[in-house]
Amino acid sequence: MDFSEDIFLNKLAQTTGAPYLISIERAEGIYLYSPEGKRYTDLISGIGVSNIGHRHPKVIHAIKEQLDKHLHVMVYGEFIQATPNRLAKKLTDLLPPQLNCCYFVNSGTEANEAALKLAKRYTGRTEIISCRKSYHGSTHGSMSVSGNEIKKAAFRPLLPDVRFINFNMPEDLLHITEKTACVIMETVQGDAGVRVPSRDYMKAVRQRCDETGALLILDEIQCGMGRTGTLFAFEQFGIVPDILTLAKALGGGLPIGTFISSKEIMHVLTHDPMLGHITTFGGNPVCCASALATLEVLEEENLVAQVESKGRLLESLLKHPSIKEIRRIGLMFAIDFDSEERVARIVEQAKQLGIICYWFLSHPNSFRIAPPLTITEQQIRESCESILKAIDNA
Ligand SMILES: Cc1ncc(COP(=O)(O)O)c(C=O)c1O
C-alpha cells in the first residue's frame, strides 16, 4: 500500500495526465532511492530546492535540535523566537545594507504575493509591471504577474492593472512610469528556459525604477541561493532590488519563503491597516532552523565558489549533434532540442538510466539540469555519460 500507484493516482490530486511516477523511499546527497533500491541521480534538485543535496547532515541535526525545543508556538510576528531571529540576522548580514528586514512566509508564491502587496501599499500606486514568459507562482496574484497565457486563461479575471514587457529588452522600460507601483522580474528567468539578462539591461531597469519611484522586486526563488555562482544572482548584475524574494533552496528541504526589503519599506505593513500581511505558519521555527543550517553549509563548504567551474565542466561534457543550444549560468542549464516530443523521450530514457532531468513550464523544447551544488566532478562525468546515452536512445 505504501507505494500504491492506485492510491497515488486516485486519492492524491493530480496536476498532469502523465506524472513522473517513480517511487522514492529515501534520499541522500544527490541520490534518490526507490523501495527496490534503484538509485536515481537528482539532476534537478527537486526543482531548485536541494542546492546542498538531500538530507545534509548539518540540516538534519539542526532540525532535530529545534524539534527538541519547540515547534509552532504562535502566528508570525508576535513571539520572540531564537531561530527566526538568528536566520533573519544571518540573511541580512549576507545582503547589502538596504535589504535589512526579512518577512518569513511559507512558499515562493506567498513571498511574491506579499512583495506585490508591499509595493502597492508603500507607493500608493496600483500598476504592476512584469515580464513576458516569467513564472512567479500559482496563486492568483503571482499567476497574474506570470507570463504564460495558456496557464492563466482559465482562471481569469486575475489582478487588474498588470502590464507585461519583454525581458532583457531595454526599449520596453519606458512602460515603467510614475503610475507603476513595482516591477517584478526573475533575475534570471528560470521556467522560460534559463534566460540570462545583460548587465546593462539590469542596470537600466534599476535606473528606470529609480527615476519613476517604482519599486524593483527581484524574484530569486529559483535562481538564488548560490545556483548561478553567487549567493544571490543580482550580485552579478551590479544592482540591488528594493524587495528580494527567496524560497525553494532557502529551506534546505523544508518549506519556507521570504521577502526582504528595508525596514522603512517593510514598516508600512504594520499600520493602515495593521497586519498588512499575515500568515500563521510563516517563520516556522523548524523551517527556519533548516534554512539557517543551509546557509551555514553553503558558506562552510565553500559551495558557491565552485559553481562556475562545475557548470563549465558539465557544459563541456554535453556535446551531442542533437543539442541545438545550451543556455547556462552557474549550475542552471536549459538544453534545447528540435521538438517537445524529443525532450519528452530524452527525459523518459534518462529516467530508465537512473537520471532525473525535467522540462520547463514555458519552454517545452528544452530540458533542465540544475543539480545539487554539492555534485562532485566524478558525479558530473558519470551523469553526463548517462545523459548522452539517453539522448542517443531517444
Ligand atoms: C522564479 C519562481 N518564482 C516563484 C515560484 C513559486 O514558488 P512556489 O512553488 O514555492 O510557490 C517558482 C517555482 O517554481 C519559481 O521558479
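As the structure lists them, so they are numbered: ligands from 1, and atoms in each ligand from 1.
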Under-4.0 Å heavy-atom contact with ligand 1, by part of Asn112 that carries it:
side chain
List ligand 1 atoms under 4.0 Å from Glu186, heavy atoms only on the residue side.
1 (C)
Heavy-atom distances under 4.0 Å are what count here, so tell me which part of Ile47 touches ligand 1: side chain, backbone, both or neither.
neither
Sub-4.0 Å heavy-atom contact, Glu110 with ligand 1:
no
What part of His136, side chain from CB on, backbone N/CA/C/O, both or neither, has a heavy atom under 4.0 Å from ligand 1?
backbone
I'd like to check which ligand 1 atoms, numbered from 1 as shown, lie under 4.0 Å from a non-hydrogen atom of Lys248.
12 (C), 13 (C), 14 (O), 16 (O)
What orientation do Phe360 and His363 show, parallel under 30°, tilted 30 to 60°, or perpendicular over 60°?
perpendicular
To check your reading of the model: name the closest protein heavy atom to atom 2 (C) of ligand 1, its residue, and the distance in Å.
Tyr135 O, 3.4 Å
Ile22 reachable from Tyr33 in the ILVMFWY side-chain graph, under 4.5 Å edges:
yes
Output yes when the distance from some N or O of ligand 1 to some N or O of Ala247 is under 3.5 Å, and no in every other case.
no
Return the residue, atom name and 0.1 Å-rounded distance of the protein heavy atom closest to atom 10 (O) of ligand 1.
Gly108 N, 2.8 Å
A student checking ligand 1 against Ile221 at a 4.0 Å heavy-atom cut-off should list atoms 2 (C), 3 (N), 4 (C), 5 (C), 7 (O), 12 (C), 15 (C)
Ligand 1 versus Thr109: contacting region, heavy-atom distance under 4.0 Å:
both
